[in-house]
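Below is one structure, written out as structure tokens, with a few remarks after it.
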Amino acid sequence: MRLDKIIRNSGAAIVTGSGSIDVGNICSDSRKVTGGSMFVAVKGFASDGHDYIPMALGKGARVIVYEDQERFDSLGLHPEQTEGAVFVKTSSARHSLAIMAANFYDNPSEKLTLVGITGTNGKTTTVTLLHRMFTAMGYSCGLLSTIANYVGNKGTEAVNTTSDPLTINSLLNEMVKAGCEYCFMEVSSIGVEQERIAGLKYKAGIFSNLTHDHLDYHKTFAEYIRCKKMYFDNLGKDAVAVINADDRNAQVMVQNTQARVVTYSCRGMADHTCKVMEQSFDGMLLKIDSRETWTGLIGRHNAYNILALYSTAVELGASAEEVLVAISRLRPAPGRLENMRGPKDISVIIDYAHTPDALENVLKTLKEIAPDRPLICLFGCGGDRDRTKRPEMGGIAQKYSDRIIVTSDNSRSEKTSDIMADIKAGMDLSGRAKSLFIEDREEAIRTAVMLAGEGTTILLAGKGHETYQIIGSEKRHFDEKKIVEDIFNTL
């Protein structure tokens, strides 16, 4: 594609060279540069893309986009003396990269119905269920989620909750070529702040809820709110914002949006409402907008997720009756309240809950459904992440659990013992008395099953769909479902 078409509306301007040259591909990783590439020098947290400009030129980059003039000048490069290369200056390489990625792939988000969801909890479940539901209703759909990216029925493992703009637009382009009519996408606060979604045109934006998370990155809750709100600030007039009216931050999210606002609630008045009529380990009977439907999902937080997807589907023009039928056929997303039944009526529940709010929701659900069953809670917290939530999660586990096993999650560069000490700090003497602290997660799971008596429920929280652990810099295979199955087979 011609350079002048790629940089259109991106805030970038050509310093030297011609806009009529053709660009073969765009990259912000110098290792991916080939002859004819455009290299965008993005300032990252671990490295500065400007440092890799000479390498990109040496590998045949045809266009260099940079933002820091002083840093660029320090490299000793002279654009007018660099034969065959075009240099482009921008005030924000991140923003320009996103717009240029959209232009390069011919703005694919404008050619399908793109639906994004943001919030602390419920994103993966909601977009996964939307993808399944619209597929079941006969539409060809794409999915961009924490777990996987799908183009129709073809899936690949995802790396980030919100991918980089080149990956997003490349996948959206594949969806358009494959005939997809819808794409359902998770939108993280970090993805918004880093402008990974700039240049995308959303037809609907969903707000699920807001609780403490990612403060290791955002530093303050106010900044976390600001980044979430930016997503709705940028929705267009022809979009719809579907928001959880029961969250105290709901109105803040949409106070500056141009989109049409639609509310949903499980507690009060709203455009769309839901009430849990019955629930068990097998599912829930829900009353949604005066109509009843059964779902195989459990938990009041899943009632919110289902109401969010129902509200979105109806607001996008789907028939309420058709949506309710589709809801009745849905099953949980991987690693979201997955129930594994074993000998002695033991139930092992695997859930991704890794924030205080998510852990409390799951534990409350399990106690609400089966108040007389003993409940063992096994969990850890991620290393190199928000430390403030660790003691809070310890206190929540103490409040709802009969026994607690604190163990490893993805410890990364931190010592598991230090993370467990932070969790322990949130418990009083009674909580510590009913707790075990076992660093090895597989040993901890085996201990939980060994301690379980007849009719016990065991919650394995924090890993969910993940089939690995990150210890230090090593990513190790770790499949909780397989471990539980092996343990059950020995009982």
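In what follows, residues are counted from 1 in the order of the sequence shown. Note that this is a predicted model, so its numbers are computed, not measured.
Listed for the S311 side chain is a donor-acceptor partner under 3.5 Å among the backbone atoms of L307. Side-chain atoms of D351 come within 3.5 Å of backbone atoms of L337 as a donor-acceptor pair (strictly under, hydrogens ignored). Of the possible polar contacts, one joining the T90 side chain to the S92 backbone as a donor-acceptor pair under 3.5 Å is found. Judged by distance alone, with hydrogens and angles left aside, the side-chain atoms of N169 form no donor-acceptor pair with the main-chain N or O of Y105 at under 3.5 Å. Checked by atom type and distance alone, the side chain of R412 pairs as donor or acceptor with a backbone atom of G383 at under 3.5 Å. Between the T257 side chain and the V254 main chain, no donor and acceptor come within less than 3.5 Å of each other. Put simply, the side chain of K228 never gets that close to the backbone of E223: no donor and acceptor are under 3.5 Å apart. Side chain of S96 to main chain of S10: a donor-acceptor pair is present (N/O by atom type, distance under 3.5 Å, no hydrogens or angles). S145 places a side-chain N or O within 3.5 Å of a backbone atom of A148 that can act as its donor or acceptor partner.
Scanning both residues, S411 and T416, for their nearest heavy atoms gives OG-OG1, 2.7 Å. When all heavy atoms are compared, the tightest approach of P165 to A98 is CB-CA, 3.6 Å. Nearest heavy-atom pair, V33 versus K59, reported as atom, atom and distance to 0.1 Å: O-CE, 3.4 Å.
A salt bridge links D68 with K43; the closest basic N to acidic carboxylate O contact falls under 4.0 Å. Using a cutoff of 4.0 Å between basic side-chain nitrogens and carboxylate oxygens, R94 and E67 are not scored as salt-bridged. Residues E338 and K481 are paired through a salt bridge, judged by an N-O separation under 4.0 Å between the basic side chain and the carboxylate. A salt bridge does not link R62 with D22: none of the charged nitrogens is closer than 4.0 Å to a carboxylate oxygen. The pair D4-R8 does not count as a salt bridge, with every side-chain nitrogen at least 4.0 angstrom from each carboxylate oxygen. A salt bridge links D422 to R390: at least one charged side-chain nitrogen sits closer than 4.0 Å to a carboxylate oxygen. Remark: E315 engages R260 in a salt bridge, criterion side-chain N to carboxylate O under 4.0 Å.
For Y52, the OH atom sits in a loose shell: 12 or fewer heavy atoms of surrounding residues, nucleotides or ligands are nearer than 6.0 Å. Within 6.0 Å of atom NZ in K111, more than 12 heavy atoms from other residues, nucleotides or ligands are found, so the atom counts as buried in its surroundings. For K5, the NZ atom counts as loosely surrounded, since its 6.0 Å shell holds 12 or fewer non-hydrogen atoms of other residues, nucleotides or ligands. Within 6.0 Å of atom CD in Q258, more than 12 heavy atoms from other residues, nucleotides or ligands are found, so the atom counts as buried in its surroundings. For CG of N153, the number of neighbouring non-hydrogen atoms (other residues, nucleotides, ligands) closer than 6.0 Å is 12 at most.
Residue pairs satisfying the ring-ring contact (aromatic ring centres under 6.0 Å, His included) criterion with at least one member in residues 112-154, sequence neighbours excluded, are listed as follows: H131-Y150, F134-Y139, F134-Y182, F134-F184, Y139-Y182.
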#### Entry: Evaluation steps, ring pair (Phe, Tyr, Trp, His ring centres under 6.0 Å), between Y231 and Y202
CA-CA 10 Å; Y231 172 59; Y202 291 90; 5.1 Å; yes

### Message
Checking T156 against N149 for the side chain to side chain donor-acceptor pair (under 3.5 Å) test, could you report, in this order, the C-alpha distance in whole Å, the side-chain angles of both residues, the deciding distance, and whether it holds?
### Response
CA-CA 5 Å; T156 56; N149 299 319; 4.5 Å; no

#### Entry: Full working for side chain to side chain donor-acceptor pair (under 3.5 Å) between N256 and K229
CA-CA 9 Å; N256 298 120; K229 180 179 176 297; 2.6 Å; yes

### Message
Run S163 and R196 through side chain to side chain donor-acceptor pair (under 3.5 Å) and show every step you take.
### Response
CA-CA 7 Å; S163 299; R196 299 179 200 169; over 6 Å; no

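Under the 3.5 Å distance criterion, with hydrogens and angles disregarded, no donor-acceptor pair is assigned to the side chains of T467 and D479. Between the side chains of T135 and R132, not a single donor N or O lies within less than 3.5 Å of an accepting N or O. Using a 3.5 Å distance cut-off with no hydrogens or angles, the side chains of S265 and D246 do pair a donor with an acceptor. Side-chain N/O atoms of D247 and N244 include no donor and acceptor closer than 3.5 Å. Side chain to side chain, E181 and S140 fail the donor-acceptor criterion of an N or O pair below 3.5 Å. Of the N and O atoms on the side chains of D164 and T167, at least one donor lies less than 3.5 Å from an acceptor on the other residue.
Contact check for N173 versus D106: no side-chain heavy atoms found under the 4.5 Å cut-off. A 4.5 Å side-chain heavy-atom check between E414 and D384 finds at least one atom pair inside the cut-off. Two residues are said to be in side-chain contact when any heavy atoms from C-beta on lie closer than 4.5 Å; I190 and Q194 meet this criterion. Residues I225 and T220 form no side-chain contact, since every pair of their non-hydrogen atoms from C-beta on lies 4.5 Å or further apart. The shortest distance between side-chain heavy atoms of E466 and N410 falls below 4.5 Å. Counting heavy atoms from C-beta outward, K89 and I14 have side chains that stay 4.5 Å or more apart. In this structure, the side chains of T365 and V362 stay at 4.5 Å or more apart for every pair of heavy atoms. Using a 4.5 Å heavy-atom threshold, the side chains of T118 and F232 count as touching.
When each of N121, T211, D386 is tested with T355 by the rule side chain to side chain donor-acceptor pair (under 3.5 Å), just one qualifies, namely N121. Between L200 and the choices I168, N107, V187, the side-chain contact (heavy atoms from CB on, under 4.5 Å) rule is met once, by I168.
Taking the centre of each ring, Y352 and H354 come in below the 6.0 Å mark.
Judged by the 6.0 Å distance and 45° axis criteria, K463 is positioned over the aromatic ring of Y468.
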